[in-house]
Q: 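Below: one structure in structure tokens.
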Protein chains: 2
Amino acid sequence: MTAETRVPLLRVPRGEARARLIEAARNLVRRKGFAATSVDDLCAAAGVTKGAFFHHFASKEALGVALVDDWTEMTGAMFAAHPYNAKDDPLDRVLAYLDLRRALLEQPLPDFTCVAGTTVQETYETSPAIRAAAERSIRSGFDHVLPHLEQALAAHPVPGVTAESLAQQFQVATQGGIILAKAMGDPAPARAAFDHLERYLRLLFDRPENAA
Amino acid sequence: MTAETRVPLLRVPRGEARARLIEAARNLVRRKGFAATSVDDLCAAAGVTKGAFFHHFASKEALGVALVDDWTEMTGAMFAAHPYNAKDDPLDRVLAYLDLRRALLEQPLPDFTCVAGTTVQETYETSPAIRAAAERSIRSGFDHVLPHLEQALAAHPVPGVTAESLAQQFQVATQGGIILAKAMGDPAPARAAFDHLERYLRLLFDRPENAA
DNA sequence: TTGATTACATACCGATTGGTATGTAAGGTT
DNA sequence: AACCTTACATACCAATCGGTATGTAATCAA
């Protein structure tokens with residue numbers, strides 16, 4: 001019998017395994033959740049072996065943390081790069097941010113779901129590390145609107161309303177809208193959540209729709 | 001060797017197994033999520049054997065459907081029994097409902113999470129049956145406020161605002177608030193979500209706080 | 001050039017998974 | 001009393017789970 005010819009068989013280039021695993025995790029976790037996504041699933045989707053997985057991550061939980069942290073960085077970079085920050089008026093920046101969030105809802109449902117929201121829903125009691133990562137991610141979401149809300153409130157104070165608590169409502173609308181969209185199989189309720197949040201802001205800051 | 005004496009060993013009374021399994025599922029799924037809760041976990045928590053489980057449920061997925069449907073019925077009965085429905089003014093009924101929702105947040109975190117929201121987050125793409133059950137549950141939540149919102153809007157129309165879309169915001173605030181509470185390990189953001197929703201309604205319907 | 005380190009692949013493991021096959025005792029029907 | 005059905009319990013199963021042990025090829029510092 002001849003010696004087996006070692007077929008490299010479409011190997012993932014050296015150095016890319018970790019990034020591929022996280023990307024695979026993002027896709028699979030968004031569609032099946034964290035617990036239902038197995039390490040073997042991830043390796044198959046990423047095109048690497050289990051050896052690669054446990055070389056880069058000490059455990060499945062560690063991958064979960066890395067996934068959420070990567071998500072935080074990804075979304076942070078995306079929003080930072082967007083021109084909604086360019087507007088002069090702080091409330092206009094906030095409203096433009098809402099436009100951007102609504103535009104994201106044009107994608108297929110799994111692609112506008114939130115990795116942090118999905119994972120923390122399952123793991124908040126069973127994995128302190130993943131919960132903490134999700135908290136960082138959610139808080140980083142506050143920061144996309146918090147400075148603008150602070151400026152808007154400085155120019156137009158509203159009794160009983162803080163910028164922090166208003167910033168939270170953007171995440172509430174986002175996460176709540178996603179759950180309703182998942183349940184109804186339709187992005188419409190997610191869009192409506194942003195619409196109502198915009199109407200609320202316009203009422204708070206005395207900025208009716210027609211007064212652009 | 002003597003014949004083994006069959007010890008009945010604290011058996012669950014005949015006829016209770018199904019209800020106990022669903023109660024165990026409610027507790028475990030709220031804490032660990034659906035996928036991470038195994039059939040063995042459920043049987044152990046309910047104090048029954050696997051034979052009992054698969055006698056009552058054709059599969060784990062079937063239990064998931066039964067769990068969510070039971071949840072819908074449970075919460076429906078709870079809100080129907082509550083005296084918030086008694087107020088004369090429709091908006092007062094809606095505001096009293098919000099008071100009730102805030103009161104529920106006094107419980108430990110896992111006990112005010114939503115079974116439908118948790119399960120649909122994980123299963124919306126992998127189990128059509130559970131997703132459909134979750135949709136029924138979410139929609140039944142609309143109904144707790146929808147008739148009152150319709151009356152309130154009939155008496156005080158708001159251009160561009162429908163009762164259906166407003167009713168959805170109660171679920172958005174609920175589900176979004178729960179996710180933030182899980183991530184931060186604190187019920188405060190869930191409470192804030194209801195506070196902002198109340199302020200929004202008061203603005204929409206011209207009903208300031210002091211005018212009780 | 002050598003030696004160490006990094007980045008994987010291969011092969012394997014015990015435990016757990018959802019599910020099944022079969023037995024049995026209780027309760028209702030005739 | 002005989003029989004059937006319901007409601008479980010017991011015992012088992014193949015597949016999959018997260019994780020480990022070990023081997024090897026590429027990279028890099030000296």
Side-chain angles (χ1 to χ4, degrees), chain A residues 3-25 28-29 31-67 119 122-123 126-130, chain B residues 3-25 28-29 31-67 119 122-123 126-130:
Chain A
E4 293 252 5
T5 44
R6 284 271 160 215
V7 190
L9 195 60
L10 220 58
R11 283 282 244 306
V12 167
R14 190 182 173 88
E16 291 191 8
R18 191 190 138 97
R20 287 220 192 199
L21 280 165
I22 288 186
E23 189 191 341
L28 287 177
V29 169
R31 282 163 179 80
K32 317 201 303 171
F34 181 73
T37 300
S38 73
V39 174
D40 282 333
D41 286 344
L42 293 168
C43 294
V48 303
T49 62
K50 224 187 267 204
F53 185 98
F54 285 100
H55 172 71
H56 288 287
F57 307 104
S59 63
K60 190 192 172 186
E61 184 184 23
L63 164 98
V65 173
L67 165 66
T119 56
E122 297 179 57
T123 61
T126 52
S127 170
I130 296 183
Chain B
E4 293 252 4
T5 44
R6 281 274 158 213
V7 190
L9 194 59
L10 219 59
R11 284 282 244 308
V12 167
R14 191 181 172 91
E16 291 191 9
R18 191 191 139 96
R20 288 221 191 197
L21 280 166
I22 288 186
E23 188 191 342
L28 287 177
V29 168
R31 281 163 180 79
K32 317 200 306 171
F34 180 73
T37 300
S38 73
V39 174
D40 282 334
D41 286 344
L42 293 169
C43 294
V48 302
T49 62
K50 225 187 267 203
F53 184 98
F54 284 101
H55 172 70
H56 289 288
F57 307 104
S59 63
K60 190 191 171 186
E61 183 185 23
L63 165 100
V65 173
L67 165 66
T119 55
E122 298 179 56
T123 61
T126 53
S127 170
I130 296 183

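Below, each value reflects all heavy atoms present in this structure, side chains not excepted, and no hydrogens, waters or symmetry copies. Below, read A as the first sequence line, B as the second, and so on, with proteins coming before strands; counting in each chain starts at 1. Remember, it's a predicted structure, so these values are computed and weren't measured experimentally.
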Q: To the nearest angstrom, how far is A:L42 atom CG from D:dT16 atom P?
A: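 Going from CG in A:L42 over to P in D:dT16 covers 16 Å.
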Q: Given D:dC8, is OP1 or OP2 found less than 4.0 Å from the side-chain N or O atoms of B:H55?
A: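 No, because none of the side-chain N or O atoms of B:H55 sits under 4.0 Å from OP1 or OP2 of D:dC8.
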Q: For A:F54, enumerate each residue passing the ring-ring contact (aromatic ring centres under 6.0 Å, His included) test, keeping only those at least two apart in sequence or located in another chain.
A: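 For A:F54, no residue satisfies ring-ring contact (aromatic ring centres under 6.0 Å, His included) once neighbours in sequence are set aside.
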Q: Locate the shortest heavy-atom distance separating A:A25 from A:L63; write the atom from each residue and the value.
A: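 A:A25 and A:L63 have their closest heavy atoms at CB-CD2, 4.1 Å.
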Q: For B:T49 and D:dC8, is the shortest distance between a side-chain N/O and OP1 or OP2 below 4.0 Å?
A: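 For B:T49, the contact criterion (side-chain N or O under 4.0 Å from OP1 or OP2 of D:dC8) is not met.
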Q: To the nearest Å, give me how far apart CZ (A:F53) and P (D:dG19) are.
A: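 One finds 8 Å between P of D:dG19 and CZ of A:F53, rounded.
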Q: Rounded to the nearest Å, what distance is computed from the NZ atom of residue A:K60 to the P atom of nucleotide D:dG19?
A: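 Those two atoms, NZ and P, are 9 Å apart.
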Q: Looking at the side chain of A:A17, which of D:dT20, C:dT20, C:dC8 is the nearest nucleotide?
A: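 Nearest to the side chain of A:A17 among the choices is C:dC8.
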Q: Once you round it to whole Å, what is the distance between C1' of C:dT17 and CZ of B:F34?
A: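 About 13 Å, once rounded to whole Å.
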Q: Check if the side chain of B:K50 and the base of C:dG19 share a donor-acceptor pair of N or O atoms closer than 3.5 Å.
A: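 Per atom types, the contact qualifies.
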Q: Taking atom P of C:dG18 as reference, at what distance in whole Å does atom CG of B:L28 sit?
A: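 That distance rounds to 12 Å.
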Q: Taking CD from A:E16 and P from D:dT27, how many angstroms apart are they, rounded to a whole number?
A: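 Distance check: A:E16 CD to D:dT27 P gives 13 Å.
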Q: So, the side chain of A:E61 versus the backbone of A:S127: is there a donor-acceptor pair under 3.5 Å, distance only?
A: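 It does not hold such a pair.
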Q: Just the rounded figure in Å: distance from P of C:dA7 to CZ of A:R14.
A: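 Rounding to the nearest Å, CZ of A:R14 and P of C:dA7 are 7 Å apart.
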Q: Which atoms form the tightest heavy-atom contact between A:T37 and A:K60, and what is the distance?
A: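 Result for this residue pair: O-NZ, 2.9 Å.
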Q: Could you work out which one of D:dG18, C:dG19, D:dA7 sits closest to the side chain of A:F54?
A: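 It is D:dG18.
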Q: How close or far is atom P of C:dC8 from atom CZ of A:F57, stated in whole angstroms?
A: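 Whole-Å distance recorded here is 11 Å.
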Q: Closest nucleotide of DNA chain D for B:A52 versus for A:D40: which of these residues is on the 5' side?
A: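 Result of the comparison: B:A52.
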Q: Which atoms form the tightest heavy-atom contact between A:T119 and A:V29, and what is the distance?
A: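 Nearest pair, atom of A:T119 first, then A:V29: CG2-CG1, 3.8 Å.
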